[in-house]
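The first residue of the sequence shown is numbered 1, and numbering continues consecutively from there.
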Amino acid sequence: NMSNNSCRFDSNDKDAEAAEKKVAEYFGKWYNVTSVRDVTEYQEMDIDLILTDKKTGEQTTLEVKSDKTYQYGNFAMEHVSNDLKGTEGCFLKTEADVIAIYYPLVNKLYLLDGPKTVKWFRENQHRFPERKNGTKKMYGTGELYHSYFRLVNRQMFAKETDAVIAIIDLNNLAQAS
């Protein structure tokens, strides 16, 4: 299913799955975690995980990203997921409550408020440099396509919005437990 890849920074599904596992592990203490990344209706909303609060039963939806370029200080915010189809990238359309960006090389997790991030990015994306992702093959037809993202400085984003919910250093947690 094509939309599976609609919103991954790493075209590599292994990276996406590893990130999802890390996020699920972290939230597993407080939530029952359900992966919906292969469910069409959730793919269309760019939602990967559903967290159900163990105490209250309240649900929170997450879109999970993996990004190996922590050192440059940017969020890679996708604005075109498929240039052949002209589909918008997930940072313009995810319906997730929270966007979880995992940086595997430093083992850090950024949690962004989904609606606030989408709204801000819609209004401000033009200010940031555009980059093209590597070529991918369209599922089924084998046609080649690209996705595009904009490099948004993390500190600038944090200053201009109140969308950064938390920055979690998973290294500290590993030692603490």
Side-chain angles (χ1 to χ4, degrees), residues 1 3-10 12-68 70 74-79 81 87-125 147 149-150 152 154-174 176-177:
N1 183 329
S3 53
N4 231 346
N5 264 338
S6 68
C7 200
R8 311 265 169 244
F9 295 156
D10 290 314
N12 184 343
D13 261 358
K14 280 203 183 91
D15 292 330
E17 278 164 31
E20 202 174 280
K21 195 168 170 255
K22 273 284 185 190
V23 171
E25 234 166 64
Y26 171 73
F27 282 109
K29 292 180 210 124
W30 310 282
Y31 298 89
N32 292 317
V33 182
T34 310
S35 174
V36 291
R37 74 189 297 253
D38 296 325
V39 182
T40 307
E41 63 189 287
Y42 287 105
Q43 287 173 352
E44 284 164 8
M45 297 187 278
D46 282 312
I47 291 169
D48 292 318
L49 298 176
I50 297 174
L51 307 181
T52 307
D53 189 300
K54 287 179 180 176
K55 289 193 181 121
T56 66
E58 200 178 320
Q59 292 198 326
T60 305
T61 56
L62 260 73
E63 164 68 14
V64 180
K65 305 258 133 285
S66 173
D67 189 340
K68 287 183 171 165
Y70 180 80
N74 298 309
F75 289 126
M77 295 193 170
E78 187 193 66
H79 62 292
S81 68
T87 43
E88 283 189 330
C90 59
F91 277 89
L92 292 174
K93 68 179 179 65
T94 182
E95 292 176 45
D97 299 319
V98 176
I99 300 169
I101 304 171
Y102 177 61
Y103 292 93
L105 303 185
V106 291
N107 207 19
K108 278 190 180 170
L109 180 62
Y110 277 68
L111 301 177
L112 309 182
D113 179 291
K116 286 179 182 175
T117 300
V118 167
K119 182 179 188 304
W120 180 88
F121 189 51
R122 277 200 172 280
E123 293 163 4
N124 292 279
Q125 61 160 325
S147 54
F149 57 91
R150 294 191 185 272
V152 176
R154 286 193 298 262
Q155 284 177 322
M156 184 192 289
F157 178 81
K159 260 190 209 123
E160 289 190 15
T161 72
D162 58 350
V164 180
I165 300 167
I167 301 166
I168 300 148
D169 187 338
L170 297 175
N171 298 302
N172 296 344
L173 296 174
S177 58

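Taking K21 as the reference, nothing meets the salt bridge (Lys or Arg N to Asp or Glu O under 4.0 Å) condition, with sequence neighbours excluded. Evaluation of the side chain to side chain contact (heavy atoms under 4.5 Å, CB included) rule for T61 yields I47, I50, A96, D97 as partners, not counting sequence neighbours. When the side chain to side chain contact (heavy atoms under 4.5 Å, CB included) test is applied to I165, the partners found at least two apart in sequence or on another chain are V98, L111, D113. Under the rule for a side chain to side chain contact (heavy atoms under 4.5 Å, CB included), the partners of K119 that lie at least two apart in sequence or sit in another chain are E123. By the salt bridge (Lys or Arg N to Asp or Glu O under 4.0 Å) test, E95 is found to be paired with no residue, residues two or more places apart in sequence or in another chain being considered. The ring pair (Phe, Tyr, Trp, His ring centres under 6.0 Å) check on Y103 picks up Y70, Y110, with sequence neighbours excluded. S35 meets the side-chain hydrogen bond (donor to acceptor under 3.5 Å, both in side chains) test with E20; sequence neighbours excluded. T34 meets the side-chain hydrogen bond (donor to acceptor under 3.5 Å, both in side chains) test with no other residue; sequence neighbours excluded. For the side chain to side chain contact (heavy atoms under 4.5 Å, CB included) test, residues two or more places apart in sequence or in another chain that qualify with N74 are Y72, L151, N153. Residues passing the ring pair (Phe, Tyr, Trp, His ring centres under 6.0 Å) test with F157 are F75, W120, sequence neighbours excluded. The side-chain hydrogen bond (donor to acceptor under 3.5 Å, both in side chains) test applied to N32 returns no partner, not counting sequence neighbours.
The distance from atom CZ of F121 to atom SG of C90, rounded to the nearest 0.5 Å, is 9.0 Å. Rounding to the nearest 0.5 Å places CG of N107 at 11.0 Å from CD1 of I168.
In plain terms, the two heavy atoms of F91 and M77 that are nearest each other are CD1-CA, 3.5 Å. P104 approaches K68 most closely through the heavy-atom pair CG-CG, 3.9 Å. In terms of heavy-atom proximity, D46 sits nearest to K93 at OD2-NZ, 2.6 Å. Of all non-hydrogen atoms in Q125 and R150, the two that sit nearest each other are O-CD, 2.8 Å.
Atom NZ of K29 has more than 12 neighbouring heavy atoms from other residues, nucleotides or ligands inside a 6.0 Å radius.
Using modelled atom types, no side-chain atom of D15 and backbone atom of S66 make a donor-acceptor pair closer than 3.5 Å. Judged by distance alone, with hydrogens and angles left aside, the side-chain atoms of Q43 form a donor-acceptor pair with the main-chain N or O of R37 at under 3.5 Å.
Looking at L112 and V164, their side chains come closer than 4.5 Å, going by heavy atoms from C-beta outward. Using a 4.5 Å heavy-atom cutoff, the side chains of L51 and W30 are not in contact.
A salt bridge links E88 to R122: one of the charged nitrogens lies within less than 4.0 Å of a carboxylate oxygen.
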- Query: Can K22 and L170 be said to form a side-chain contact (heavy atoms from CB on, under 4.5 Å), step by step?
  - Reply: CA-CA 9 Å; K22 273 284 185 190; L170 297 175; 4.3 Å; yes
- Item | Step-by-step side-chain contact (heavy atoms from CB on, under 4.5 Å) determination, T161 to K116 | CA-CA 8 Å; T161 72; K116 286 179 182 175; over 6 Å; no
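Pairs of residues two or more places apart, or lying in two chains, that qualify as ring pair (Phe, Tyr, Trp, His ring centres under 6.0 Å) and include a residue from residues 31-68 are F27-Y31.
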